[in-house]
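These figures come from a predicted structure and were not determined experimentally.
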Amino acid sequence: MTQHLGMNDLMVKGEEESFSALKSRLVDEYGQAREPEITSTISAQRQHFDDAGVRSFLPVLVERQVRDRLGEP
């Protein structure tokens with residue numbers, strides 16, 4: 001039986017994939033040793049947008065904030 005995803009499910013899946021890719025990029029750039037810090041910083045910044053109606057640009061906004069908090073690699 002094939003399970004079909006609704007539009008909201010697809011949006012959530014796409015958002016999660018975007019944040020997973022963001023985390024991977026940042027770990028590659030900042031180093032494996034900073035992965036826990038990167039993970040917690042992404043999570044904290046995402047929480048600021050929990051009530052956002054438009055979510056298309058959240059990964060970009062979160063990435064900017066995370067990079068500001070992490071500083072130079």
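- Residues V27 and Q32 have side chains in contact (heavy-atom distance under 4.5 Å, counting atoms from C-beta outward).
- Residues meeting the salt bridge (charged side-chain N to carboxylate O under 4.0 Å, His left out) test with R69, sequence neighbours left out: none.
- At distances below 3.5 Å, at least one donor-acceptor pair connects side-chain atoms of R55 with backbone N or O atoms of F49.
- Taking the charged nitrogens against the carboxylate oxygens, R34 and E29 have no contact shorter than 4.0 Å, which rules out a salt bridge.
- The side-chain heavy atoms of Q65 and L61, taken from C-beta on, include no pair separated by under 4.5 Å.
- Atom OG1 of T41 is separated from atom CG of L26 by 9.5 Å, given to the nearest 0.5 angstrom.
- No more than 12 heavy atoms of other residues, nucleotides or ligands lie within 6.0 Å of CZ in R64, so this atom counts as exposed by the packing criterion.
- T39 places a side-chain N or O within 3.5 Å of a backbone atom of E35 that can act as its donor or acceptor partner.
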Item to complete: Report the C-alpha separation of L70 and E37 in whole Å, then their side-chain angles, then the decisive distance to 0.1 Å, and conclude whether the side-chain contact (heavy atoms from CB on, under 4.5 Å) test is met.
Response: CA-CA 8 Å; L70 294 175; E37 178 185 10; 3.5 Å; yes
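- Remark: F19 CZ to S43 OG distance equals 10.0 Å, nearest 0.5 Å.
- A salt bridge links E63 with R67: at least one charged nitrogen is closer than 4.0 Å to a carboxylate oxygen.
- Between the Y30 side chain and the G71 main chain, a donor and an acceptor come within less than 3.5 Å of each other.
- Pairing each heavy atom of I38 with each of G31, the nearest pair is CD1-O, 4.5 Å.
- Within a 6.0 Å sphere centred on CG of D50, heavy atoms belonging to other residues, nucleotides or ligands number more than 12.
- Rounding to the nearest 0.5 angstrom, the gap separating the CD atom in E17 from the CG atom in L22 is 13.5 Å.
- Pairing each heavy atom of P36 with each of A33, the nearest pair is CD-O, 3.7 Å.
- With hydrogens and angles disregarded, no donor-acceptor distance shorter than 3.5 Å links the side chain of S20 to the backbone of E16.
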